[in-house]
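To find a chain, count down the sequence lines: A is the first, B the second, and so on, and within it residues start at 1.
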Number of protein chains: 2
Amino acid sequence: MTFSKYDLLKLENQICFPLYACSREIIKRYKPFLDEIDLTYTQYIVMMVLWERRTVNVKELGEYLYLDSGTLTPLLKKMESKDLLTRTRSAVDERNLIIEITEQGEKLKEQAINVPMQMAQCSALEPGEAAELYRILYKMLGRSEG
Amino acid sequence: MTFSKYDLLKLENQICFPLYACSREIIKRYKPFLDEIDLTYTQYIVMMVLWERRTVNVKELGEYLYLDSGTLTPLLKKMESKDLLTRTRSAVDERNLIIEITEQGEKLKEQAINVPMQMAQCSALEPGEAAELYRILYKMLGRSEG
DNA sequence: TATAATTAAATTGTGCTCAATTTAATTATA
DNA sequence: TATAATTAAATTGAGCACAATTTAATTATA
């Protein structure tokens, strides 16, 4: 077996590529389940934050989800028009936009409960592997946990 | 500690979310290095295939990269206009579009060689962790290797 | 061998994603 | 307290990503 400096440029030697491919493949697997509750994947993770916290501002939301206002602003406007959340300027500091879940948004949680269960069926990983994957990914993200 | 059926809906209990976030964060880290050789990340992985194989058709390329013609067609047209590759219908079967690397494209490999080296500096993972991550991701993708 | 079925790209339309810039509000400083 | 610096969202523009449909070529079948 001989090695070349070009080996580093082979697709099979990249760590980012399977990460990128895997992320998109799994999001595709979510699609049929998310279609049933009329959410895109990005809308779904926004709802996850709101189901836990009820209220959050755009900056915090962006930090949680690693998304910026260029992505979030139009997304949140669309979700507001779907009556999943409200957008209100903070009275204390008008630079901040406060996102709050609506009753409709809360209700959706009951239907969404089936999504992670259905997705779990799709995974080919052993529980230990999933845990290890989880740990490594959060290490890469530079957080100790979620 | 009490558990609820809603725990499954918490962002911190998802495996897809850190995958999705991590993928985008790493691609962002590539950007300054890829800017130097005037490639986007998607163009970079197309070039990786061409640096290894010189020639490939769109269907095969899509299988390697998990991308469809809706993504690849405009991408490849742009790369053709940058003189990185040529697009030619197969004489044997005109449904197939043959992508071939140009001399320019070959030359770019010399500059690109620095990209994986520079990226390696950015990684916070131990070699063993990177290997394990790699193994698990390809298992999820349903391939034995890259 | 006409017709039907299949296949490979291209096209269309929707929805992110992000860098860079702008706008408006707040805070720090001369 | 005016002015400068900082901050949070919004805006703009470029580039994917993908589902669904269309077009054109090839293969299978009646």
Check your understanding: So does A:Lys28 get a side-chain nitrogen or oxygen closer than 4.0 Å to the phosphate oxygens (OP1/OP2) of D:dC18?
Key -> yes

Distance, rounded to the nearest Å, where [X] contributes [atom1] and [N] contributes [atom2]:
| X | N | atom1 | atom2 | value |
| --- | --- | --- | --- | --- |
| A:Lys59 | D:dA9 | NZ | P | 8 Å |
| A:Gln43 | C:dT14 | CD | C1' | 11 Å |
| B:Arg24 | D:dC16 | CZ | C1' | 13 Å |
| A:Leu65 | C:dC18 | CG | P | 11 Å |
| B:Leu61 | C:dA10 | CG | C1' | 15 Å |
| B:Asp35 | C:dC18 | CG | P | 15 Å |
| B:Leu39 | D:dG15 | CG | P | 13 Å |
| B:Leu67 | C:dA8 | CG | P | 17 Å |

Check your understanding: Out of A:Ile27, A:Leu39, A:Leu108, which one pairs with A:Tyr44 under the side chain to side chain contact (heavy atoms under 4.5 Å, CB included) rule?
Key ->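 Of A:Ile27, A:Leu39, A:Leu108, side chain to side chain contact (heavy atoms under 4.5 Å, CB included) with A:Tyr44 is met by A:Leu39 alone.
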
**Study point:** A:Glu94 side chain to A:Ser90 backbone, donor-acceptor under 3.5 Å
**Key:** no

Exercise for review: Give a yes or no answer on whether the side chain of A:Gln14 reaches the backbone of A:Lys10 with a donor-acceptor pair at less than 3.5 Å.
Suggested key: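 Judged by distance alone, yes, a pair lies under 3.5 Å.
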
If we only count heavy atoms from C-beta on, is the [X] to [Y] side-chain gap below 4.5 Å?
| X | Y | value |
| --- | --- | --- |
| B:Arg135 | B:Glu132 | yes |
| B:Ile101 | B:Arg53 | no |
| B:Leu19 | A:Leu19 | yes |

Exercise for review: For DNA chain D, find the residues of residues 46-57 of chain A with a heavy-atom distance under 4.0 Å and give them by number; none if there aren't any.
Suggested key: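 The answer is A:Asn57.
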
Review point. Do the charged groups of A:Glu63 and A:Lys59 touch, with an N to O distance under 4.0 Å?
Key: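 Looking at A:Lys59 together with A:Glu63, the answer is yes, because their closest N to O distance falls below 4.0 Å.
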
Nearest-neighbour nucleotide for the [X] side chain, [options] considered:
| X | options | answer |
| --- | --- | --- |
| B:Leu97 | C:dA10, D:dC18, D:dA8 | C:dA10 |
| A:Thr42 | D:dC16, D:dA10, C:dT17 | C:dT17 |
| B:Val58 | C:dA9, D:dC18, D:dA10 | C:dA9 |

Study note, to complete from the structure: Contacts of B:Glu60 and B:Tyr20 projected onto DNA chain C by closest heavy atom; the upstream (5') one is B:Glu60

Review point. Taking only Watson-Crick and G-U wobble pairs with both distances under 3.5 Å, what dot-bracket line describes DNA chain C, where [ ] shows pairs that cross earlier ones and | shows pairs with another strand?
Key: ||||||||||||||||||||||||||||||

Review point. Which word best sums up how the rings of B:Tyr66 and A:Phe17 line up, parallel for under 30°, tilted for 30 to 60°, or perpendicular for over 60°?
Key: tilted

Exercise for review: I would like to know whether B:Glu52 and B:Lys109 meet salt bridge (Lys or Arg N to Asp or Glu O under 4.0 Å); could you show each step before the answer?
Suggested key: CA-CA 10 Å; B:Glu52 263 193 85; B:Lys109 189 176 183 179; over 6 Å; no

Review point. With a non-hydrogen cut-off below 4.0 angstrom, is B:Glu25 in contact with a base, only sugar-phosphate, or nothing?
Key: nothing

Practice item. Would you indicate what B:Ser69 reaches in the nucleic acid, counting non-hydrogen atoms under 4.0 angstrom: base, sugar-phosphate, or nothing? Key: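 Counting heavy atoms under 4.0 Å across all strands, the contact made by B:Ser69 includes a base.
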
Review point. With a 3.5 Å cut-off and no angle check, do the side chains of A:Gln43 and A:Lys78 form a donor-acceptor pair?
Key: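 A:Gln43 vs A:Lys78: no donor-acceptor pair found between side chains.
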
Exercise for review: Give, ordered by number, those residues of residues 70-96 of chain A having at least one heavy-atom distance below 4.0 Å to an atom of DNA chain C; if nothing qualifies, reply none.
Suggested key: A:Gly70, A:Thr71, A:Leu75, A:Lys78, A:Val92, A:Asp93, A:Glu94, A:Arg95

Practice item. Run the numbers on A:Tyr30 and A:Gln118 for side-chain hydrogen bond (donor to acceptor under 3.5 Å, both in side chains), then give the verdict. Key: CA-CA 9 Å; A:Tyr30 268 102; A:Gln118 291 168 300; over 6 Å; no

Exercise for review: For A:Leu9 and B:Met48, work out which heavy atoms get closest and say how close.
Suggested key: O-CG, 3.3 Å

